[in-house]
Amino acid sequence: MFDYKPARFYNTRWQLASWYAGVMGLILSLSGAAVYKALDHANWVSLERELESVAGTLHDSLEPDLKQPGRLNPDAQQLLPELCIAGARCLDQIPYGLGKLPPTKRHILGAIHQGNYYMRLLDGSGRLIAVAGHQPDELPQTLGKTLWQTLKDGEGNRYHQITLQLHTQDYHPWGYMQVGRSLKDFDNELATLRLVLLLGLPLAMLLVGVSSWWLAELAIQPIRQSYQLLQQFTADSAHELRTPTTVIQSTVEFILKTNLLSSPSALSSLNILERQSHRLSQVVKDLLLLNRMDRQDLPMQQQPCCINNLISDLVEELEEVAISAEVMLTSDIQVNKLLYVIGDSEQLYRLVSNLIVNAIQYTPAGGNVTARLTVKDYHALIEIQDTGIGIAPEEQKRIFDRFYRVNNSRSTGGSGLGLAIAAAIAIAHQGSLQVMSQLGRGTTFILVLPLSHEVEIGEDMRNRVGDFRTPRL
């Protein structure tokens, strides 16, 4: 098989690789965006739940001690000792620790000093009454109607806050409580995730590009092989058909030029035409048969075929061919039962016949050809063993190629399609055909066919099922 790489395959490989890389890049980009959105949403929901829990704890602890709207009584200030009244000097020096709170109250303020939390108390008109916790610089003071708000301070840092309404002990509106926290850690996590995605995507695309180039080569390899086989087939077909057509043309021209139609030698010329026409017709038939097998368009009879009968009948029928070639043809059936396969008896006849004839043709005078039948793992094993010239290891991979013949100097004029047809028939019967050979020591073809059943039947049934004595191809 020649190594042929036309530009169209190279361009096709580039196109396939580009499509693979583009599609995978789109999938990775969408997956990365989805992961980013999912983590962003999950973290945001977790943050709001945490903030809502802290605000709820402070709200439930503070509201029972509120008596007058917009005013903090001493009980409320004792509950939150670090609370700073608006306008007092403590507004710029709010401590970050919990101080010496009673154990029963420490858990209430504990959350507000973790994660940069802050709290604001506003009256009904939105005027600031008191603050607690970490107070960000230049953070806008708003009193919107929405429950959640996201704000920015003077440095651009984001904060998320929740606004809850407070009521007095007799359930009159007291004002509002705003609890918020810094989003700096949240934004840092998202920034790190974006950086990982932005740096990881080019690296992933590089790997995808290399993988796409490799996958494109794998995808186009069968097409390239098919193209090479088509070219090889075209060349071999032209070579095989050229010889008979040339002989036919030369013979016809000779007859016409020498006016031999009324001469006795015309019979010899016509015989040449008949032989070459027959050879040409056989090549065409074999090609059509292989084409139909490739397209799985060949009708195959599904009936029990006795392999024992097949071997015995073929050895008997081809005995004269072996004697003419001075080769000893024998059978070696090593089973005591009749073995059956489900398939087309005519095709199986042609398969085994091709193997035996091929062995006889390539076995020197005085050699032996043995047709052996054994059984293993519910499969019939038919071995056609000869003591012929053998096949070189590099040629064993090609002997089932169409028009390929080993050692053309010994060719007997065959078309080179016999083994290709045999392999196709074996595959059509869910079997396999293998070869083992050594130069100068002989060749063994091993045909493996699945058995339908192994039974012993009477002689009358043996004669009715699987009669291979008359070739029908």
Side-chain angles (χ1 to χ4, degrees), residues 44-154 157-184 186:
W44 191 261
V45 171
S46 176
L47 182 146
E48 287 192 340
R49 287 179 178 175
E50 178 185 350
L51 191 57
E52 191 174 20
S53 175
V54 172
T57 301
L58 293 173
H59 177 276
D60 295 342
S61 301
L62 182 63
E63 195 174 49
D65 295 326
L66 299 178
K67 297 180 179 180
Q68 297 181 2
R71 296 185 60 182
L72 286 174
N73 55 332
D75 293 338
Q77 295 184 20
Q78 290 179 0
L79 178 66
L80 301 173
E82 295 183 357
L83 196 66
C84 181
I85 305 300
R89 295 183 58 185
C90 62
L91 190 61
D92 298 328
Q93 300 176 349
I94 295 178
Y96 295 101
L98 291 178
K100 297 181 180 180
L101 296 179
T104 58
K105 305 296 183 180
R106 190 171 299 153
H107 72 280
I108 299 176
L109 278 178
I112 206 170
H113 295 288
Q114 298 176 3
N116 294 329
Y117 278 87
Y118 66 86
M119 183 184 73
R120 290 173 173 176
L121 297 178
L122 309 174
D123 62 12
S125 60
R127 182 177 59 87
L128 183 64
I129 296 178
V131 296
H134 173 73
Q135 295 297 315
D137 297 334
E138 300 180 7
L139 186 67
Q141 179 181 326
T142 60
L143 185 59
K145 297 182 180 180
T146 57
L147 178 66
W148 296 97
Q149 290 178 303
T150 301
L151 309 173
K152 288 186 178 181
D153 62 9
N157 298 320
R158 297 197 307 159
Y159 293 82
H160 197 53
Q161 74 176 19
I162 183 174
T163 302
L164 300 177
Q165 189 174 14
L166 293 172
H167 298 84
T168 61
Q169 293 176 346
D170 54 359
Y171 207 74
H172 286 87
W174 182 91
Y176 299 92
M177 179 183 69
Q178 292 180 337
V179 179
R181 60 155 292 176
S182 172
L183 296 179
K184 187 174 182 179
F186 177 78

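One-based numbering along the sequence shown. Scope of the values below: all heavy atoms of this structure, side chains included, with no hydrogens, waters or symmetry mates.
For Lys152, the side chain to side chain contact (heavy atoms under 4.5 Å, CB included) test picks out Arg158, with sequence neighbours left out. With sequence neighbours excluded, no residue satisfies side chain to side chain contact (heavy atoms under 4.5 Å, CB included) with Asp60. Listed by chain and number, the residues in a side chain to side chain contact (heavy atoms under 4.5 Å, CB included) with Glu48 are Trp44, Trp148, His160 (sequence neighbours excluded). Among residues two or more places apart in sequence or in another chain, the ring pair (Phe, Tyr, Trp, His ring centres under 6.0 Å) test is passed with His167 by Tyr171.
Checking side-chain atoms of Trp174 against main-chain N and O of Gln169 turns up no donor-acceptor pair under 3.5 Å. Panel note: side chain Ser53, backbone Arg49; no donor-acceptor pair is recorded below 3.5 Å.
Considering OG1 of Thr163 and CZ of Arg120, their distance stands at 9.5 Å, rounded to 0.5 Å. For the atom pair Leu66 CG and Asp170 CG, the distance stands at 10.5 Å (nearest 0.5 Å). The distance from atom CG of Leu72 to atom CG of Asp65, rounded to the nearest 0.5 Å, is 10.0 Å.
Put simply, the side chain of Val179 reaches to within 4.5 Å of the side chain of Tyr117, judged on heavy atoms. Between Leu58 and Met119 the shortest side-chain heavy-atom distance falls below 4.5 Å. Lys67 is not listed as a side-chain neighbour of Thr168, based on a closest heavy-atom distance of 4.5 Å or more. Looking only at side-chain heavy atoms (C-beta outward), Met177 and Gln165 stay at 4.5 Å or farther from each other. Under the 4.5 Å side-chain criterion, counting only non-hydrogen atoms from C-beta, Leu128 is not in contact with Asp123.
Of all heavy-atom pairs between Gly56 and Leu164, the closest is N-CD1, 4.4 Å. Counting all heavy atoms, side chain and backbone alike, Pro69 lies closest to Pro173 at CB-O, 3.4 Å.
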- prompt: Given Leu122 and Arg127, is the side-chain contact (heavy atoms from CB on, under 4.5 Å) satisfied, shown in steps?
  reply: CA-CA 5 Å; Leu122 309 174; Arg127 182 177 59 87; over 6 Å; no

Verdict with supporting geometry, Gln178 and Ile162, side-chain contact (heavy atoms from CB on, under 4.5 Å): CA-CA 6 Å; Gln178 292 180 337; Ile162 183 174; over 6 Å; no

- request: Take Thr150 and Leu183, measure what side-chain contact (heavy atoms from CB on, under 4.5 Å) needs, and give me the verdict at the end.
  value: CA-CA 9 Å; Thr150 301; Leu183 296 179; 4.2 Å; yes

Tyr176/Leu121 under side-chain contact (heavy atoms from CB on, under 4.5 Å): CA gap, chis, key distance, verdict: CA-CA 6 Å; Tyr176 299 92; Leu121 297 178; over 6 Å; no

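For the residue pair Gln161/Tyr118, the side-chain donor-acceptor check at 3.5 Å is satisfied.
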